[in-house]
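Notes for the one structure printed next.
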Number of protein chains: 2
Amino acid sequence: MLSKKTKYGLKALTYLARQEGNTPVQVGEIAVNENIPQKFLESILLTLRKSGCLGSKKGKHGGYYLIKKPSDIIMADVMRVLEGPIALVPCVSLNFYEKCDDCPDEITCSVHKLMIQVRDSTLNVFRNNTLADVCKTSKDENFIK
Amino acid sequence: MLSKKTKYGLKALTYLARQEGNTPVQVGEIAVNENIPQKFLESILLTLRKSGCLGSKKGKHGGYYLIKKPSDIIMADVMRVLEGPIALVPCVSLNFYEKCDDCPDEITCSVHKLMIQVRDSTLNVFRNNTLADVCKTSKDENFIK
DNA sequence: TGTATTTCCTATTAAATCGATAGGAATAAT
DNA sequence: ATTATTCCTATCGATTTAATAGGAAATACA
């Protein structure tokens with residue numbers, strides 16, 4: 001299950017991507033429009049900024065803004081920042097690998113093999129979607145099913 | 001992330017699938033061979049039985065056994081019993097649907113659309129793998145990558 | 001220069017979930 | 001009867017999650 005953190009983070013990113021210029025948008029504005037608790041959103045945007053997904057400006061008229069074009073923001077990267085590993089098991093994770101302590105042998109582990117398939121198929125989706133893709137709704141003209 | 005419950009459950013099922021006959025196998029035997037806390041495994045096998053994935057026999061010489069051929073056991077069904085929804089968000093779940101309380105409109109929700117893709121690709125894996133497939137290790141001769 | 005505004009940072013809390021354990025009832029074989 | 005096993009309910013401790021609190025640091029602007 002997706003955490004609220006991730007869900008809120010994704011919504012905030014799409015909100016920013018839909019902005020006209022690149023002027024900073026305040027947390028409060030995003031929070032109100034996307035129904036997200038403001039203080040919680042604050043901490044989420046902070047981690048997104050620290051990981052290089054977002055830029056920020058402090059003080060009056062400050063806020064957050066995208067530092068890359070939406071079409072250059074790969075969802076796999078965003079998901080890893082917000083949700084952590086994409087794999088369902090650490091032993092098949094590309095970026096967060098860990099050995100299972102209860103598994104004598106990965107090669108013969110049947111769970112392992114199944115989970116690699118799931119990882120690859122999920123990764124395929126997240127790698128082939130940019131923030132720009134995600135922003136297109138089914139209402140948009142150029143939306144291709 | 002996959003819960004321990006699911007991981008243990010899958011391992012137990014493959015253990016049973018690899019048995020010769022259909023004579024009941026005791027929880028203790030599975031627990032020892034798969035490095036699973038016995039009492040925990042007991043409760044997992046119980047839910048698998050209640051959901052129709054397994055049969056059981058009480059008393060002396062009792063235990064658990066498969067009631068279907070491994071090749072007839074679809075992983076999607078098993079996963080739903082053990083882990084719950086396959087979808088990452090309830091609003092895109094086929095079997096556990098729930099409306100988001102913070103989302104005004106599913107049609108235009110960008111998260112929604114992305115998560116449908118993830119659900120479909122994951123489901124594709126779980127629907128196309130039976131317990132028999134999962135049991136094949138990469139060591140097996142007929143294993144096809 | 002000072003005041004209002006906003007991000008930044010750390011700590012804390014309440015609730016939910018997870019992993020595991022405990023103890024015994026029910027059932028079956030011998 | 002005795003022994004072995006599943007079945008059932010309850011509970012516990014640890015971890016994670018979602019959210020809140022309070023204030024420091026930075027910036028715009030009057």
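If you're wondering where the values come from, they're calculated on a predicted model, not measured in any experiment.
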Say whether B:Leu82 and A:Leu114 are linked into one hydrophobic cluster, either directly or through other cluster members, by side-chain heavy-atom distances under 4.5 angstrom.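 Same cluster.
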
With distance as the sole test, does [X] use its side chain to make a donor-acceptor pair with the main-chain N or O of [Y] at under 3.5 Å?
X	Y	value
A:Asn22	A:Leu66	yes
B:Asn129	B:Val125	yes
B:Ser51	B:Thr47	yes
A:Lys113	A:Ile107	no

Tell me, which pairs form a salt bridge (charged side-chain N to carboxylate O under 4.0 Å, His left out) where one or both residues lie in residues 42-56 of chain B, sequence neighbours left out? B:Lys39-B:Glu42

Whether each nucleotide of nucleotides 7-12 of chain C has a protein heavy atom under 4.0 Å at its base (B), only at its sugar-phosphate (S) or at neither (-) is summarised, 5' to 3', as BBB---

Answer whether the closest heavy-atom distance between the side chains of B:Val81 and B:Cys53 falls below 4.5 Å.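 Touching, per the 4.5 Å side-chain cut-off.
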
Round to a whole Å and report the spacing from [atom1] of [X] to [atom2] of [N].
X	N	atom1	atom2	result
B:Leu41	D:dT5	CG	P	14 Å
B:Ile36	C:dA20	CD1	P	10 Å
B:Lys60	D:dT5	NZ	C1'	10 Å

A:His61 side-chain N/O to C:dT6 phosphate OP1/OP2 under 4.0 Å: no

Pairwise N/O distances under 3.5 Å, protein to nucleotides 17-19 of chain C:
residue : atom : partner : partner atom : Å
C:dG19  : OP1  : B:Lys4  : N            : 3.0
C:dG19  : OP2  : B:Lys4  : N            : 3.3

Test item: side-chain donor near acceptor, B:Thr108 and B:Asp105, under 3.5 Å: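 Indeed, the side chains of B:Thr108 and B:Asp105 share at least one donor-acceptor pair under 3.5 Å.
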
